[in-house]
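Structure first, commentary second.
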Amino acid sequence: MLDLTYETPKPKVIAGAKQDWELVIGLEVHAQVATNAKLFSGASTQFGAEPNSNVAFVDAGMPGMLPVINEACVAQAVRTGLGLKADINLYSAFDRKNYFYPDLPQGYQISQLYHPIVGEGEVLVDMEPGVARVVRIERIHLEQDAGKSIHDMDPTMSFVDLNRTGVALMEIVSRPDIRGPEEAAAYVSKLRQIMRYLGTCDGNMQNGNLRADVNVSICLSGAYEKYQETQDFSHLGTRCEIKNMNSLRFIQQAIDVEAKRQIAIVEAGGEVVQETRLYDPDKGETRSMRSKEEAHDYRYFPCPDLLPLEIEQAWVDDIAASLPELPDEKRARFMGDFGLSEYDASVLTADTTNAAYFEQVAEGRDGKLAANWVINELFGRLKKDDDKPITDSPVTPAQLGGIIDLITSDAISGKIAKDVFEIVYTEGGDPAKIVEARGMKQVTDTGAIEAAVDQIIAANPAQVAKAKENPKLAGWFVGQVMKATGGKANPKAVNELVAKKLAG
Ligand code: ADP
Ligand code: MG
């Protein structure tokens, strides 16, 4: 594996402030576990189902119902933990977090406060090639999602949909290691990529399957270093938590406006109050939702309906053995095995379908050439074609590989190859047969090229005279020969012959 070295990005400093304020950000990401059934019931997790059709009695908080842990959810949390290089806790336990909400029929959420299933881990957050930051994960715990209150369907009534109630969430809590809005977005994006590789969360933010609570504070330059040395939070500023963000763009905007709000308060001599806030994208501001509650407000206590969760190391090892190659490792391998730049390798490993496609094309071929064709030609063409996903690509890896083989065997030039690609894209077919049938083969026969060169030279004596004085003008002859041969002459042979004839 390739050992990449990274630079650490500078913390974001807010422009326009009187002092050098830096940002400190920690995220609590809620990722819906990809499973068929809920955390403690057999009800379906299917998105978009008829309201209140996926509700078991236990989800509806019916008296006397008992939750039963869904092993698949536990396995997915362990898998996610392993993917984030985190400690797996063989002993974990569920607690009740008590609060009232119309879409929480139990009157409590079953969560894991004291003994989460996953402990400390880390994520490499890529900013740009050669620049990355390690964001530490504090913990991941399993918990139930709540239902949904619907306020906009009727002027006088609110409705409740319990389909989501009891669906398993992983709450992934980061350390406050994120230093700017772009980094926060890159962090969520990297988490999503890893979970998609693992198949543990589909990462669909629009559907609310991935959402984040964003904690923001400001501090003066130097304070964060003190926190890092001591892990003492008192060196950091008071944080505000912006709830339930489900778009990367809004996360960045919210952090920016929240930081500016806090700076304005502190620079005017005031103090930031710890609280929960909401971001309003229309107004471009955050506003207070409630003052920060403490754990004791929820009267957390061990859930008496559930035994502590004890899992075996051998089971964890089995899951570990089944993990796929993850994005960082895949990227390093693509750089090492195929000689790709970090940028190209990142593009090709963005998701597993891209990566698998590329690997089939590159197999036994020049990796860089394959990367160029996949990224520039194929991705470019798919984008123009209404952003078609690669899974619907009309050009298969075998066909694209065939085009590349024709280039490397000098049968066609890179330029003609683009025409062949377009034919394969729109009409299909075997590239070698297309080239043969349509007479697109490159002319490498020097006799034929020589004849064309001679003809152009004979027809343009004035140009010849000029070119003899200025060798740079030879390019014009090359262009004419290419034109005369319909672009099929081997450019290298043409260049050599033109130079020879003009010198003679
Ligand atoms: P709570 O459970 O009350 O929300 P936690 O201690 O679990 O509190 O922290 C929640 C999140 O807040 C974590 O992601 C943590 O990294 C982040 N955080 C803690 N202190 C700060 C701070 N001063 N600035 C920004 N984020 C912070
Ligand atoms: Mg919190």
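The first residue of the sequence shown is numbered 1, and numbering continues consecutively from there. Atoms within a ligand are numbered from 1 in the order they appear, just like the ligands themselves.
Every atom of ligand 1 is numbered from 1 in the order shown, and the set under 4.0 Å from a heavy atom of Leu236 is 23 (N). Numbered from 1 in the order shown, with element, the atoms of ligand 1 that lie under 4.0 Å from a heavy atom of Gly237 read 23 (N). When each atom of ligand 1 is checked for a heavy atom of Pro176 under 4.0 Å away, the hits are 16 (O), 26 (N), 27 (C). Atoms of ligand 1 lying under 4.0 Å from at least one heavy atom of Arg175, given by number and element, are 16 (O). Residue Val173 has at least one heavy-atom neighbour below 4.0 Å for each of these atoms of ligand 1: 13 (C), 14 (O). The contact set between ligand 1 and Leu27, taken as ligand atoms under 4.0 Å from a residue heavy atom, comprises 14 (O). Near Phe233, with a cut-off below 4.0 Å to any heavy atom, the atoms of ligand 1 are 19 (C), 20 (N).
Of the possible donor and acceptor atoms, none in the side chain of Asp385 sits under 3.5 Å from a partner among the backbone N and O of Lys388.
No cation-pi contact links Arg96 to Phe301, judged by a cut-off of 6.0 Å to the six-membered ring centre and 45° from its axis. Annotation: cation-pi pair Arg179/Tyr224 present, NZ/CZ under 6.0 Å from the ring centroid and within 45° of its normal. Cation-pi contact between Lys97 and Tyr298: present, with separation from the ring centre below 6.0 Å and deviation from the ring axis of at most 45°.
Checked by distance only, ligand 1 and Ser217 come closer than 3.5 Å through their nitrogen or oxygen atoms. Taking any N or O of Glu241, backbone or side chain, none lies under 3.5 Å from an N or O belonging to ligand 1.
Here Lys190 pairs with Asp126 in a salt bridge; the nearest charged N to carboxylate O distance falls below 4.0 Å. Remark: Arg277 does not engage Glu241 in a salt bridge, criterion side-chain N to carboxylate O under 4.0 Å. Glu258 and Arg261 are joined by a salt bridge, as a carboxylate oxygen and a charged side-chain nitrogen come within less than 4.0 angstrom of each other. No salt bridge links Glu120 with Arg136; every basic N to acidic carboxylate O contact stays at or beyond 4.0 Å.
Residue contacts with ligand 1, taken as heavy atom pairs separated by less than 4.0 Å, do not involve Asp213 at all. Only the side chain of Arg239 comes within 4.0 Å of ligand 1, judged by heavy-atom distances.
Across the listed options Asn215, Val216, Val272, Asn215 owns the non-hydrogen atom lying nearest to atom 11 (C) of ligand 1.
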